[in-house]
Amino acid sequence: MSHYESQVREPLILGHKTYHDITEDIARPIENKSGKLWWICFSIAMVAFIFGVGAIAYTIGTGIGVWGLNRTINWGWDITNFVWWVGIGHAGTLISAVLLLFRQKWRMSVNRSAEAMTIFAVVQAALFPVIHMGRPWLMYWVFPIPNQFGSLWPNFNSPLLWDVFAISTYFSVSTVFWLMGLIPDFAMIRDRATKPFAKKIYGILAFGWGGGAKHWQRFEELSLVLAGLCTPLVFSVHTIVSFDFATSVIKGWHSTVYPPYFVAGAIFSGFAMVQTLLSVMRKVLHYEDYITRKHIEYMNIVIVVTGGMVAVAYLTELWIAWYSGSRYEDFTYFSPGAATGPYWWAFWALIICNVLVPGLLWFRRVRRSFFWTFVISIVVNVGMWFERFDIIVINLSRDYLPSSWTMFMPSWVDVGIFIGTNGFFFVLYLLYARTFPVISQSELKTILKSSGESYKKHHTEDEHHEH
């Protein structure tokens, strides 16, 4: 009875799976050759990545003047993308750490992809501030280390410096948490490997894992400790990113609603990206039995909740802009002026993508549909990009002096770098899916007897016989 679970809950593992079946299914994408669909996706991502590398090289060789920035809008396309990528990286730690602490079984099929997504997204985010410095070869100046200027140390009052510490901490802890969770799976691949080189590499990555009781005890204790460390990071990282704006005196940015609003928005966009990736991986790697409608529905519920928080923040901003009666507030990213001004198209793109379209997830049929989940997840991330664009560009486009009013238009270099980071992200993710287990087979086996479809049917039949 220790494995008993209510029959009301749908199974999380479909089909008549055994422990051996799980091992075979998870190891198959690593041991077999890549399919045609994988190569098509990888080729597209690689072309985008190479284009982005060219745009970055052109920027560094020529100067930041090749971007669409001007005197008024000096935080343009690049910081928009920086905040967007950091937000996408948010869901991984939430799914892994917070849901682990709450003992949620459904996280086991999605946490590995979410953790990998976090690390790859933070790598993309880190590129933008480094390039935006103008002299990226001097990026080490942001770290508190003695340098050739003697007493020159970073300004610890600057939220931009807090970003460096918050994101580097987030990246390092998330990486350790991700790699530690992979150890039992690396050992499984090591034991199955037939080529000496592969056996050697996976043997090193497995850190001598033997699967003994002592190993499992230490593994589970460390998982909980790291989850406890990661949980505050979920809230702190995007809170600190919001301080880049909230601690300034620029109209529309100087707002106390920003920290919780940014955190909710980050989880909103992060879960949407996880849905996009899982929808693709489910088909490409044939994981239909492990990523089920129930997994999709649970994550859509989180998207609905965080989307509701974001919508409340939008209403708050709109109300303050209108009620204050300030002419300056009417030029902020969420105000009557934004809805009817020169950037009206960006404002309404935000409303449609982040409020109206995710509202369809309130309907159970839509919430449990793989197709609509995939479409809505892409729309949400488009909307979250427009949100960051509106916050930066609309607020800066109308300064206090009409002589400083200006419009922003990205150059081909801006667009090229953004396309390149998307390509780089998917190159990393596709390579990861070919070399690392995308789902934790060791965790799946712990819930097979309670959440496996055949075991649930067996329990139900036993109950009927008893009655």
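Quick note: residue numbers are just sequence positions, from 1. Just so you know, these numbers come straight off a predicted model, no measurement behind them.
Side-chain atoms of Trp67 do not come within 3.5 Å of backbone N or O of Val413 as any donor-acceptor pair. Formation of a donor-acceptor pair under 3.5 Å by the Ser113 side chain with backbone atoms of Val110 is not found in this model. Under the 3.5 Å distance criterion, the side-chain polar atoms of Asp185 are left unmatched by any main-chain donor or acceptor of Leu182. A donor-acceptor pair under 3.5 Å is formed between the side chain of Tyr170 and the backbone N or O of Gly89. In terms of modelled atom types and a separation under 3.5 Å, the side chain of Ser174 and the main chain of Phe171 share no donor-acceptor contact.
Aromatic pair Phe418/Trp85: ring centres not closer than 6.0 Å. Between Trp162 and Phe165, the ring center distance fails the sub-6.0 Å criterion. For Trp77 and Phe128, the ring centers sit 6.0 Å or farther from each other. Close placement of the Phe262 and Phe245 rings is indicated, their centers lying within 6.0 Å of each other.
At a threshold of 4.5 Å between non-hydrogen side-chain atoms, the residues Val280 and Phe374 count as touching. Arg434 is not listed as a side-chain neighbour of Phe42, based on a closest heavy-atom distance of 4.5 Å or more. Inter-residue side-chain proximity for Phe243 and Tyr258 is flagged as unmet; no heavy-atom pair is nearer than 4.5 Å. A 4.5 Å side-chain heavy-atom check between Val83 and His238 finds at least one atom pair inside the cut-off. Counting only heavy atoms from C-beta outward, the side chains of Trp209 and His215 approach each other to under 4.5 Å. Taking the side chain as every heavy atom from C-beta outward, Phe425 and Val123 never approach each other to under 4.5 Å. Side-chain contact between Thr306 and Val310 is absent, with no heavy-atom pair separated by less than 4.5 Å. Residues Val357 and Val380 are not in side-chain contact: their nearest non-hydrogen atoms beyond the backbone lie 4.5 Å or more apart.
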- Query: Would Met281 and Tyr287 satisfy side chain to side chain contact (heavy atoms under 4.5 Å, CB included), going step by step from the backbone distance to the final call?
  - Reply: CA-CA 7 Å; Met281 285 298 144; Tyr287 283 157; 5.6 Å; no
- Message: As a quick check of understanding, evaluate ring pair (Phe, Tyr, Trp, His ring centres under 6.0 Å) for Tyr432 and Tyr429, giving each step before the final call.
- Response: CA-CA 5 Å; Tyr432 145 78; Tyr429 193 85; 5.3 Å; yes
Exercise. Just do the side-chain hydrogen bond (donor to acceptor under 3.5 Å, both in side chains) check on Trp385 and Asn81 with the steps written out, would you?
Key: CA-CA 7 Å; Trp385 187 91; Asn81 298 332; 2.7 Å; yes
For the pair Phe386 and Asn354, evaluate side chain to side chain contact (heavy atoms under 4.5 Å, CB included) and give the outcome as yes or no after the intermediate values. CA-CA 9 Å; Phe386 272 108; Asn354 279 2; over 6 Å; no
Practice task
Mind running side-chain hydrogen bond (donor to acceptor under 3.5 Å, both in side chains) on Ser242 and Tyr261 for me, showing each step along the way?
Solution key: CA-CA 9 Å; Ser242 78; Tyr261 161 45; over 6 Å; no
Practice item. Decide yes or no on side chain to side chain contact (heavy atoms under 4.5 Å, CB included) for Phe426 and Met46, but give the supporting numbers first. Key: CA-CA 8 Å; Phe426 284 103; Met46 186 57 80; over 6 Å; no
- Task: Go through the steps for Leu350 and Tyr314 under the test side chain to side chain contact (heavy atoms under 4.5 Å, CB included), then give the verdict.
- Result: CA-CA 10 Å; Leu350 161 66; Tyr314 291 163; 3.2 Å; yes
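Within a 6.0 Å radius of CH2 in Trp362, other residues, nucleotides and ligands contribute 12 heavy atoms or fewer. A 6.0 Å sphere centred on CH2 of Trp38 holds more than 12 heavy atoms belonging to other residues, nucleotides or ligands. Within 6.0 Å of atom CH2 in Trp39, 12 or fewer heavy atoms from other residues, nucleotides or ligands are found, so the atom counts as exposed in its surroundings.
For the pair Asp289 and Thr292, the tightest heavy-atom approach, listed with the atom from each and the gap, is O-CG2, 3.8 Å. In plain terms, the two heavy atoms of Cys230 and Val173 that are nearest each other are SG-CG1, 3.2 Å. Of all heavy-atom pairs between Met384 and Arg388, the closest is O-CD, 3.0 Å. Closest approach of Val274 and Ala114 over heavy atoms only: CG2-CB, 4.0 Å. The two residues Ser411 and Gly68 come nearest to each other via the heavy atoms OG-N, 3.9 Å. Residue Arg190 comes nearest to Ala206 through the heavy atom pair NH1-CB, 3.7 Å, listed as atom of the first residue, atom of the second, then distance.
Pairs engaging residues 123-137 under the side-chain hydrogen bond (donor to acceptor under 3.5 Å, both in side chains) rule: Asp78-His132 [sequence neighbours left out].
To the nearest 0.5 angstrom, Ile189 atom CD1 is 3.5 Å from Ile30 atom CD1. Rounded to the nearest 0.5 angstrom, Phe51 CZ and Ile417 CD1 are separated by 9.5 Å. Here OG of Ser377 is found 7.0 Å from CD1 of Ile303. Values are rounded to the nearest 0.5 Å. Here the straight-line distance linking atom OH of Tyr290 with atom CD of Gln441 works out to 10.0 Å at 0.5 Å rounding. Put simply, CD1 on Ile88 and CE on Met273 are 3.5 Å apart, with the number rounded to the nearest 0.5 Å. The CG atom of Leu278 sits 9.0 Å away from the NE2 atom of His295 when rounded to the nearest 0.5 Å.
Phe436 does not carry Arg112 over the face of its six-membered ring by the limits of under 6.0 Å from the centre and within 45° of the normal. No cation-pi contact links Lys199 to Tyr202, judged by a cut-off of 6.0 Å to the six-membered ring centre and 45° from its axis.
Looking only at atom types and distance, the side chain of Thr373 has no donor-acceptor partner in the side chain of Gln275 under 3.5 Å away. For the residue pair Ser269 / Trp84, no side-chain donor-acceptor distance below 3.5 Å is found, with atom types taken as modelled.
Remark: Lys294 engages Glu297 in a salt bridge, criterion side-chain N to carboxylate O under 4.0 Å. Between Glu288 and Arg293, no side-chain nitrogen of the basic residue sits less than 4.0 Å from a carboxylate oxygen of the acidic one, so the salt-bridge criterion is not met.
Every residue two or more places apart in sequence or in another chain was checked for a ring-ring contact (aromatic ring centres under 6.0 Å, His included) with Phe82, and none qualifies.
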